[in-house]
Amino acid sequence: MGVVPLWTSKSTAASTKKRRERLALINDFRATYQLSVIDLKGAKAITTRSVNELAESDYDDETIMKAFVVRAIKAQEHTNCLTEVLFHRALIRAKESEKRGMKGGLSGVPVTFKETFDIATVDSSIGFSARCDQPAEIDADLVRIVEEGLGGICFAKTNVPQGLLAFECGNPVFGNTTNPFSSNHTSGGSSGGAAALLAMNGCAVAFGSDMGGSLRIPTHYCGIYALKPSQNRFPFDGHRGVDSGFEAVPVVVGPMTRSIEDLRYVSQQVLDACWEHPNLIHGRSPLPIPWRGEEVDKVQKMKLRIGYYLEDGWCKTSPACARAVQECVNSMEQAGHDVVEISPPQAERAAKIFIALSTADGYDRIRELLREGGDPREPPMFL
């Protein structure tokens, strides 16, 4: 059976319901806490701080959370980057955290998770109507590590492309996320909602995932930072995809931040927390290796031999990307590294193998979800 060509009443109903719920939660929070009196300029003094500064700030957790919610609402209005809104939950947790005097590497820090992560009581629809109104029963392992182990506070989930395999970021349920610097362009995918939110200082830390560029592409499009870690380095259980059991090209989860310093800090905190709080990990345990700061420092002092390329012999490089690579080459050479131009072998063959593996079921599962929800197919969904 072919894909559904037009919106059906079922798909329209699911989309309308989810978007109305999202808007109602935002407006209710804004009215309840009179956020209009907190101007963006005042929030900026808080939201531009580093993650470490926020965790050790003299500001109370409630004030920090309200400041980031102001920025997040602005980002949502400008880019449509949020899916599930958890503002009320987050503020309650911020107040409780302050009372308990909880301390951790991300204590009181506002964080978001990609739509793919399970958070108890809310959906992980991944942009499919068929997966709406099926709230998760428990948190994903990484959510527990961040909130219970480190004291971070999740206040929203972020948008993704339908089916996840796209360089754009839109779906029939929540709509399209645009680039924070140009509404005529995309924020990238599939962790595009998080990238847009971070670029507008709408959160301090976001967590996304990556198989074929889903952390790296939106990071590039929105001017932020992300780490795609090695497989099984960060807790993965409770992260939803389209095809269960697909492991030919492993999906990994990782952090997204607004600076390299924040990226290093958050990575260290999460890896050490996995080591220190194994009871919070209910699924497959990550590799039992804590942060190795001494090794990182040692590498930073070494003269490295680094390969780069401007053309892969198959796909034409855009002038902007070629310029960005060349600027990196120049910076690394100035830092004393040995930078060598290389020719990637068989780029076209590698791409075809990746596409064959990632679409091995012929899109049967995606087509099934489209039929179940009556959703139209987004143009970039099929490779």
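Here the structure is a predicted model, which is why all the values come from computation and not from measurement. Residue numbers count from 1 along this sequence.
- Residues Ile353 and Val249 share a hydrophobic cluster, clusters being chains of Ile/Leu/Val/Met/Phe/Trp/Tyr side chains in contact below 4.5 Å.
- Contact annotation: the side chain of Val109 approaches that of Val205 to within less than 4.5 Å [non-hydrogen atoms, C-beta and beyond].
- Nearest heavy-atom pair across Ser190 and Ser214 is OG-OG, 2.8 Å.
- The backbone N or O of Ala130 sits less than 3.5 Å from a side-chain atom of Gln134, completing a donor-acceptor pair.
- With values rounded to the nearest 0.5 angstrom, Phe128 atom CZ is found 7.5 Å from Asp375 atom CG.
- Counting heavy atoms from C-beta on, the side chains of Glu147 and Leu106 never come closer than 4.5 Å.
- In summary, Lys18 and Glu84 engage in a salt bridge, as defined by a charged side-chain N under 4.0 Å from a carboxylate O.
- With Ser318 contributing its side chain and Cys321 its backbone, the two residues share a donor-acceptor pair below 3.5 Å.
- Hydrophobic clustering (side-chain heavy atoms under 4.5 Å, transitive across Ile, Leu, Val, Met, Phe, Trp, Tyr) groups Leu54 together with Val111.
- No side-chain N or O of Lys157 forms a donor-acceptor pair with one of Thr116 less than 3.5 Å apart.
- Under a hydrophobic clustering in which Ile, Leu, Val, Met, Phe, Trp and Tyr are joined whenever their side-chain heavy atoms come within less than 4.5 Å, directly or via other members, Leu227 and Val270 fall into different clusters.
- Looking at heavy atoms from C-beta onward, Val296 lies in side-chain contact with Trp291 at the 4.5 angstrom threshold.
- Ser343 OG to Leu310 CG: the interatomic distance, rounded to the nearest 0.5 Å, is 10.5 Å.
- Within the 4.5 Å cutoff, the side chain of Ser50 has no heavy atoms near those of the Glu261 side chain.
- The shortest non-hydrogen separation linking Val173 to Cys132 is CG1-SG, 4.0 Å.
- The minimum heavy-atom distance linking Gly108 with Ile153 is given by the pair CA-CD1, 4.0 Å.
- Atom-to-atom distance recorded for Asn176:CG and Ser183:OG is 11.5 Å, nearest 0.5 angstrom.
- In the hydrophobic clustering of this structure, Leu263 does not group with Leu197; members are Ile, Leu, Val, Met, Phe, Trp, Tyr whose side-chain heavy atoms approach within less than 4.5 Å, directly or through other members.
- The existence of a salt bridge linking Arg144 and Asp139 is excluded, since no basic side-chain nitrogen approaches an acidic carboxylate oxygen closer than 4.0 Å.
- There is a side-chain donor-acceptor pair under 3.5 Å between Asp60 and Thr63.
- With respect to the salt-bridge test (charged N to carboxylate O, under 4.0 angstrom), the residues Lys10 and Glu372 do not qualify.
- In this structure, the side chains of Pro344 and Asp312 come closer than 4.5 Å at one or more pairs of heavy atoms.
- Using a cut-off of 4.0 Å between Lys/Arg side-chain N and Asp/Glu carboxylate O, Glu77 and Arg30 are scored as salt-bridged.
- For the atom pair OH of Tyr225 and CG of Asp262, the computed distance is 10.5 Å after rounding to the nearest 0.5 Å.
- Residues Asp141 and Pro235 share a closest heavy-atom pair of CB-CB, 3.7 Å.
- Within a 6.0 Å sphere centred on CZ of Phe181, other residues, nucleotides and ligands contribute more than 12 heavy atoms.
- Taking each heavy atom of Ser267 and Phe234 in turn, the nearest pair found is CA-CZ, 4.3 Å.
- With hydrogens and angles disregarded, a donor-acceptor distance shorter than 3.5 Å links the side chain of Asp361 to the backbone of Arg365.
- Between Lys95 and Asp61 there is no salt bridge, since no side-chain nitrogen of the basic residue lies less than 4.0 Å from a carboxylate oxygen of the acidic one.
- Side-chain contact, Glu115 with Thr83: a donor N or O sits under 3.5 Å from an acceptor N or O.
- Contact annotation: the side chain of Arg22 approaches that of Phe174 to within less than 4.5 Å [non-hydrogen atoms, C-beta and beyond].
- Using a 4.5 Å cut-off on side-chain heavy atoms (C-beta onward), Ser187 and Tyr221 make no contact.
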Tell me, with the steps shown, if Ile145 and Cys274 meet side chain to side chain contact (heavy atoms under 4.5 Å, CB included).
-> CA-CA 7 Å; Ile145 285 291; Cys274 292; 4.3 Å; yes
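- Here the straight-line distance linking atom SG of Cys169 with atom CD of Glu378 works out to 10.0 Å at 0.5 Å rounding.
- Contact record, Lys114 with Ser209: NZ-OG, 2.8 Å, taken as the closest heavy-atom pair.
- Atom CZ in Arg49 sits 4.5 Å away from atom OG in Ser57 (nearest 0.5 Å).
- Under a hydrophobic-cluster definition in which Ile, Leu, Val, Met, Phe, Trp and Tyr are linked whenever side-chain heavy atoms come within less than 4.5 Å, directly or via other members, Leu25 and Met65 are assigned to the same cluster.
- Taking the six-membered ring where the residue is Trp, His239 and Phe117 present perpendicular rings, their angle passing 60° and hence far from 30°.
- The existence of a salt bridge linking Glu21 and Lys17 is confirmed by a sub-4.0 Å separation between a basic side-chain nitrogen and an acidic carboxylate oxygen.
- A salt bridge between Arg131 and Asp123 is absent, with no side-chain N of the basic residue lying under 4.0 Å from a carboxylate O of the acidic one.
- Counting heavy atoms from C-beta on, the side chains of Val122 and Ile119 come closer than 4.5 Å.
- Atom NE2 of His185 has 12 or fewer neighbouring heavy atoms from other residues, nucleotides or ligands inside a 6.0 Å radius.
- The local environment of CZ in Arg233 is crowded, with over 12 non-hydrogen atoms from other residues, nucleotides or ligands closer than 6.0 Å.
- Between the side chains of Arg19 and Ser15, at least one donor N or O sits under 3.5 Å from an acceptor N or O.
- A donor-acceptor pair shorter than 3.5 Å cannot be found between the side chains of Asn330 and Gln334.
- A salt bridge between Glu368 and Arg371 is absent, with no side-chain N of the basic residue lying under 4.0 Å from a carboxylate O of the acidic one.
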